[in-house]
Each structure stands twice: as structure tokens, then as C-alpha cells.
Peer 1: 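This is the structure I want to talk about, given as C-alpha cells.
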Number of protein chains: 2
Amino acid sequence: MEQQKFHINKLRVSGLRPTKQRLAISKILFNRRETFHFTIEQLKKVIEKNSKKKISLATLYNTVHAFKKKGYLKEIPLKGNQTFFDTNTSSHHHFYDEDTLQLIDIKDENISINNLPKTPNGKKIQDIEITIKVASNYQKQKDN
Amino acid sequence: MEQQKFHINKLRVSGLRPTKQRLAISKILFNRRETFHFTIEQLKKVIEKNSKKKISLATLYNTVHAFKKKGYLKEIPLKGNQTFFDTNTSSHHHFYDEDTLQLIDIKDENISINNLPKTPNGKKIQDIEITIKVASNYQKQKDN
DNA sequence: CTTACAGTTTAGAATCATTATAAACTGAAT
DNA sequence: ATTCAGTTTATAATGATTCTAAACTGTAAG
């Protein structure tokens, strides 16, 4: 139950009221050793499995976006119908397994870019995202 | 009008009937020196401006997807509501200007990745996508 | 430990991009 | 000219996400 206090404090510090729903979602998202990659729909399923009181879909959207705005979650740019989020907010990149549709972290130390061209005009780099799509080779034709 | 024959042949070779609509779209997409980055909605506007006979939205989707499947267009993985396509189908990466929402090609020679970690299991790399988001620094808070 | 109210949650409606449907149309082979 | 598979089209359907407006709830102040 120390975790509980930790989450309550974290929310308060961020100017977010520690409601039952936000605490339940915090527990699911942040009480884990491994980073968690998820879509809202996947999160919904996990919550339904782990919590008896249901949380409305709108609240899941609200909360995930609030957490993202506060810097506790990162959105992963990946084409597809659904948006992916990541509990690992540090600078890092991903393998995307096209067979399982799973994301896998690449530690930042394990990759580097060279010969970066100069940025256009007076623009500054905000973010660099590398996604490496992998799959088994026998795979069927993919249309994406 | 040599272009016309070229497009007719290209379509025939691909097993696509050279219909009026496909030729009109081919003209818009491929009769240009610069590569063209676009969403379906943007393409629709360009077509409306350049062609008196209107093409239905469904046909735009059908045609763009057919062209993509034949390898004449590439889909760019970029988070956001709309899907981006690129007439440059070679291996290359992009700057994404968050101020203007425009994509800018990075020539492949101008960038390289080092220390690539080994791919998971027995998977093979299918594709590597690098997107470098740039923006002016004075910019307002962005929520994305 | 009540009150009061801004912050939250919620169900359901609304929106937006995209895909499916199924009827009308059209290249092109005969 | 005929025929028919391939296409186009308007429209409906879908699916993710956002909006809305009403009900609810932390919590600060008395």
C-alpha cells in the first residue's frame, strides 16, 4: 500500500485529483517492472480483468491523455488504426513485430544515427523516432 | 501526350485497366519533378482543382491503395488522424515539420544508423523508418 | 463533519477517416 | 455490336476518438 501513497502523491503533484479511477489506472500502468506498450482498447481489457468496478471508455481516454500531458506516458508514432502508448518516456526506439503486432524497446545506447543532415530553415529537432519493422520471412503478403 | 501513353502502359503492365479516373490520378501524382507527400483529402482537393470531372472519394481510396500495392506509392508511418502517402518509393526517411505539417525527404545517403541491435528471435528486418520532427522553438505547447 | 464547488466521470451522441456494399457503368476481347 | 469481369460510385457501415451535458466526488473552508 506504499504504492498507493506514491501514486496519490504523484497525481497531487501534477495537479490531478487522485480519484479512484486514476489510481486504478496508475496501478495497472505503473506497478510493473517491464515497460508497457498498449492501445486504449488493450488497456480497457486489462482493467476489466483486474478491477471489478468498471471504468468508462471516456475516462480511459481522458486519463491516458492527462498522463501523457504530464509526461508519464509517451505516444508512439506508428501507422495503424489505433494509437499506441508507452510507459517508458525516455528517449528510445522500437522494434515492431508485424507478426504479433507487439512493440519491443531498443535501449538508446544500442543504436545511433550518423550523418544527420542539417534541419530545414531555422527549425530545431523536437524528436527522432526510429521504428524497425521485423517479421518472420515466410510471412504472407502484407497489404500495409 | 507521351505521358498519357506512358501511364496507360504502366497501368496495363500492372494489370490495372487504364480508366479515365486512374489516368487523371496518375497525371496528378506522377507528372511532377518533386516527390509528392499527400493525404487522401489533400489529393482530393488537388484533383478538384485540376480536373473538371469529379472522382468519387471511394475511387481515390481504391486507386491510391491499388497504386500502393503495385509499388507506385509508399505509405508513411506517421501518427495522426490521416494517412500519408509518398510518390518516392525508394528507401528514405523524413523530416516532419510540426509547424506546417509538411514532410520533407531525407536522401538515404544523408543518414546512417550504427550499432543496430540484433533483431528478436529469428525475425528479419522488413523496414526501417526514421522520422525527425522539427519545429520552430518559440512554438506554443503542442498536445500531441 | 456539513457545505459548496471546481474538477471528474459517465453514457451516449457526434465526428472523422476509412472500408464495405451493391448497383450502374465501361474497357477490351470476341 | 455483344458480353462480362473489372471499375466506379453514392451511400451505408464501421471503428477509433472526441464532445456534451448531466450526475458525481474530492477537498477546502467554515
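Lettering follows sequence order; numbering is per chain, from 1.
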Peer 1: How many Å lie between CD on B:Gln82 and P on D:dA16, as a whole number?
Peer 2: 18 Å
Peer 1: Rounded to whole angstrom units, what separation is found between the CG atom of A:Leu23 and the P atom of D:dT25?
Peer 2: 15 Å
Peer 1: What verdict does the side-chain contact (heavy atoms from CB on, under 4.5 Å) test give for A:Lys10 and A:Arg12, after you've listed the backbone C-alpha separation in whole Å, the side-chain angles of each residue and the deciding distance to 0.1 Å?
Peer 2: CA-CA 6 Å; A:Lys10 188 172 166 184; A:Arg12 283 231 177 79; over 6 Å; no
Peer 1: How does protein contact run along nucleotides 4-11 of chain C, one letter per nucleotide 5' to 3', with B for base contact, S for sugar-phosphate only, - for none, heavy atoms under 4.0 Å?
Peer 2: --BBSBBB
Peer 1: If you find the nucleotide of DNA chain D closest to A:Arg12 and the one closest to A:Asn81, which residue's nucleotide is nearer the 5' end?
Peer 2: A:Asn81
Peer 1: B:Leu78 has an atom CG; how far is it from atom C1' of C:dA17, in whole Å?
Peer 2: 15 Å
Peer 1: Hey, does A:Phe95 have a side-chain heavy atom less than 4.5 Å from the side chain of A:Ile106?
Peer 2: yes
Peer 1: OP1 or OP2 of D:dT17 versus the side-chain N and O atoms of A:His65: is any pair under 4.0 Å?
Peer 2: no
Peer 1: Would you call the rings of A:Phe67 and A:Phe30 parallel, tilted or perpendicular, taking 30° and 60° as the class edges?
Peer 2: tilted
Peer 1: Which heavy atom of A:His93 sits nearest a heavy atom of A:Ile130, and at what distance?
Peer 2: ND1-N, 3.0 Å
Peer 1: Between A:Lys123 and B:Asp99, does at least one N-O distance fall below 4.0 Å, as a salt bridge requires?
Peer 2: yes
Peer 1: Among the nucleotides C:dT19, D:dT17, C:dA28, which one has an atom lying closest to any side-chain atom of B:Pro18?
Peer 2: C:dA28
Peer 1: Give a yes/no answer on whether the side chain of A:Thr39 brings an N or O atom under 4.0 Å of OP1 or OP2 in D:dA16.
Peer 2: no
Peer 1: Does OP1 or OP2 of C:dT18 have a side-chain N or O of B:Tyr61 closer than 4.0 Å?
Peer 2: yes
Peer 1: Could you tell me if the side chain of B:Lys74 sits less than 4.5 Å from the side chain of B:Asn88, heavy atoms only?
Peer 2: no
Peer 1: Just to be sure I understand the geometry, which residues of residues 42-50 of chain A put a non-hydrogen atom under 4.0 Å away from DNA chain D?
Peer 2: none
Peer 1: Under 4.0 Å between a side-chain nitrogen and a carboxylate oxygen: does that hold for B:Lys68 and B:Glu75?
Peer 2: yes
Peer 1: Between B:Glu48 and B:Lys45, is there a salt bridge with N-O shorter than 4.0 Å?
Peer 2: no
Peer 1: For the side chain of A:Lys70 and the backbone of A:Ser14, is there at least one donor-acceptor N/O pair under 3.5 Å apart?
Peer 2: yes
Peer 1: Please determine whether a side-chain nitrogen or oxygen atom of A:Thr83 lies at a distance below 4.0 Å from atom OP1 or OP2 of D:dA16.
Peer 2: no
